[in-house]
K.L.:
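Take a look at this one; I'll ask things after.
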Amino acid sequence: MLFAHDTEEALNAATALVNTVNSDEERLPDVAALNAFMERYGWTGRHERTDAELRAVRELRPRLRRIWETDEAGVVEIANALLREAHALPQLVRHGDGPYHLHATSADAPVAERMAVEAAMAFADVVRSGELARLRICEYPGCGNVMIDLSKNRSRRFCDGTCGNRAAVTAYRARKSQGA
Ligand SMILES: [Zn+2]
Ligand SMILES: [Zn+2]
């Protein structure tokens with residue numbers, strides 16, 4: 001594993017959150033969609049199921065997307081701002097017999113705030129490890145999804161969606177037509 005388990009989980013969740021909006025498609029259209037997203041990525045704690053909560057989560061996405069689009073100084077600025085705004089206070093915690101990990105907000109902080117802080121803590125790890133090059137935009141034409149390459153050989157070029165498969169099919173067809 002490249003980063004601590006909780007860091008990798010947070011990076012995957014932040015990536016998925018940013019990708020819930022892509023060009024004209026809104027994948028968090030309502031409170032039910034947010035519920036499903038939170039369940040999928042293991043979010044527990046305070047959850048109001050209100051439009052205000054949904055709006056706050058949606059508003060976090062462009063700030064997180066900037067992390068993929070800016071340089072190191074820009075990432076540092078965003079991560080620090082997210083931590084500062086939430087008055088983040090890192091604490092080692094464990095749930096039952098689970099492994100110790102860091103929480104920097106309490107379980108009753110608003111969802112968007114906890115998402116922001118968890119992402120900021122994870123991106124702080126990426127900066128400290130000098131691994132920002134692992135944050136990339138999917139190379140499939142017209143996709144635009146953000147991705148985090150946690151592979152050993154840094155070889156990922158496409159997002160988790162269908163892009164990898166589509167690219168393989170395109171390459172196969174190109175080889176076939178060249179052979180014909
Ligand atoms: Zn926890
Ligand atoms: Zn893609």
Side-chain angles (χ1 to χ4, degrees), residues 1-28 33-35 37-48 53 57 60-62 64-69 79 82-83 86-126 132-151 153-174:
M1 210 182 324
L2 196 58
F3 299 104
H5 67 99
D6 54 334
T7 298
E8 296 203 348
E9 274 172 30
L11 291 172
N12 285 328
T15 300
L17 178 63
V18 171
N19 289 337
T20 58
V21 63
N22 190 347
S23 46
D24 48 357
E25 201 185 342
E26 173 57 80
R27 295 196 187 89
L28 291 180
L34 177 60
N35 292 350
F37 179 86
M38 289 177 63
E39 210 163 285
R40 174 144 186 223
Y41 288 92
W43 286 99
T44 54
R46 177 169 160 190
H47 181 23
E48 295 169 358
E53 182 181 66
V57 171
L60 174 61
R61 297 178 304 190
L64 293 182
R65 179 174 261 276
R66 280 285 297 150
I67 288 175
W68 272 263
E69 298 168 344
L82 293 172
L83 293 170
H87 307 286
L89 177 67
Q91 297 281 290
L92 279 162
V93 296
R94 71 195 300 191
H95 311 292
D97 290 335
Y100 277 109
H101 53 281
L102 281 170
H103 279 200
T105 45
S106 76
D108 35 290
V111 169
E113 190 173 295
R114 287 185 287 128
M115 287 180 170
V117 167
E118 193 161 293
M121 296 282 286
F123 288 117
D125 258 8
V126 178
L132 278 176
R134 290 178 180 275
L135 301 182
R136 295 195 215 112
I137 309 284
C138 174
E139 287 179 26
Y140 196 84
C143 174
N145 273 349
V146 297
M147 48 176 273
I148 168 113
D149 184 358
L150 296 173
S151 71
N153 54 4
R154 302 158 193 262
S155 58
R156 272 193 68 194
R157 295 171 55 210
F158 305 106
C159 70
D160 278 336
T162 50
C163 293
N165 293 334
R166 284 192 293 184
V169 169
T170 309
Y172 172 75
R173 287 205 184 119

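Counting convention: from 1, in listed order, for ligands and their atoms alike.
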K.L.:
Which pairs of donor and acceptor atoms, one on a side chain in residues 1-11, lie under 3.5 Å apart (sequence neighbours left out)?
P.N.:
| unit_1 | atom_1 | unit_2 | atom_2 | d |
| --- | --- | --- | --- | --- |
| D6 | OD2 | L102 | N | 3.2 |
| T7 | OG1 | D125 | OD2 | 2.8 |
| E8 | OE2 | L2 | N | 3.1 |
| E8 | OE2 | F3 | N | 3.0 |

K.L.:
Of V57, L34, L28, which is the lone residue that meets side-chain contact (heavy atoms from CB on, under 4.5 Å) with T20?
P.N.:
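It is L28, the one option of V57, L34, L28 that forms the side-chain contact (heavy atoms from CB on, under 4.5 Å) with T20.
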
K.L.:
So, E139 side chain and F158 main chain: donor-acceptor pair closer than 3.5 Å or not?
P.N.:
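Not a single qualifying donor-acceptor pair exists.
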
K.L.:
With a cut-off of 2.8 Å, which protein N/O/S atoms are close to the Zn ion (ligand 2), if we only count those under it?
P.N.:
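Atoms qualifying: C138 SG, C143 SG, C159 SG, C163 SG.
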
K.L.:
So, does D149 use its side chain to make a donor-acceptor pair with the main chain of R156 at under 3.5 Å?
P.N.:
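Answer holds: yes.
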
K.L.:
With sequence neighbours left out, write down each residue that passes side chain to side chain donor-acceptor pair (under 3.5 Å) with R166, or none if nothing qualifies.
P.N.:
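With neighbours one apart ignored, the set is empty.
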
K.L.:
Which N, O or S atoms belonging to the protein are less than 2.8 Å from the Zn ion (ligand 1)?
P.N.:
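Correct list: H95 NE2, H101 NE2, H103 NE2.
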
K.L.:
Can any side-chain N or O of T105 pair as donor or acceptor with the backbone N or O of A109 at less than 3.5 Å?
P.N.:
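Flag not set: sc T105 to bb A109 has no pair under 3.5 Å.
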
K.L.:
Evaluate the ring planes of H95 and H101, with Trp represented by its six-membered ring, and classify them as parallel (under 30°), tilted (30 to 60°) or perpendicular (over 60°).
P.N.:
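H95 vs H101 ring planes: tilted.
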
K.L.:
Before accepting this row, confirm whether a basic side-chain N of the pair R114/E118 lies closer than 4.0 Å to the acidic partner's carboxylate O.
P.N.:
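The answer is no: the pair does not qualify as a salt bridge.
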
K.L.:
Whether R46 and E113 form a salt bridge (side-chain N of Lys/Arg under 4.0 Å from carboxylate O of Asp/Glu) is what I want to check.
P.N.:
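The answer is no: the pair does not qualify as a salt bridge.
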
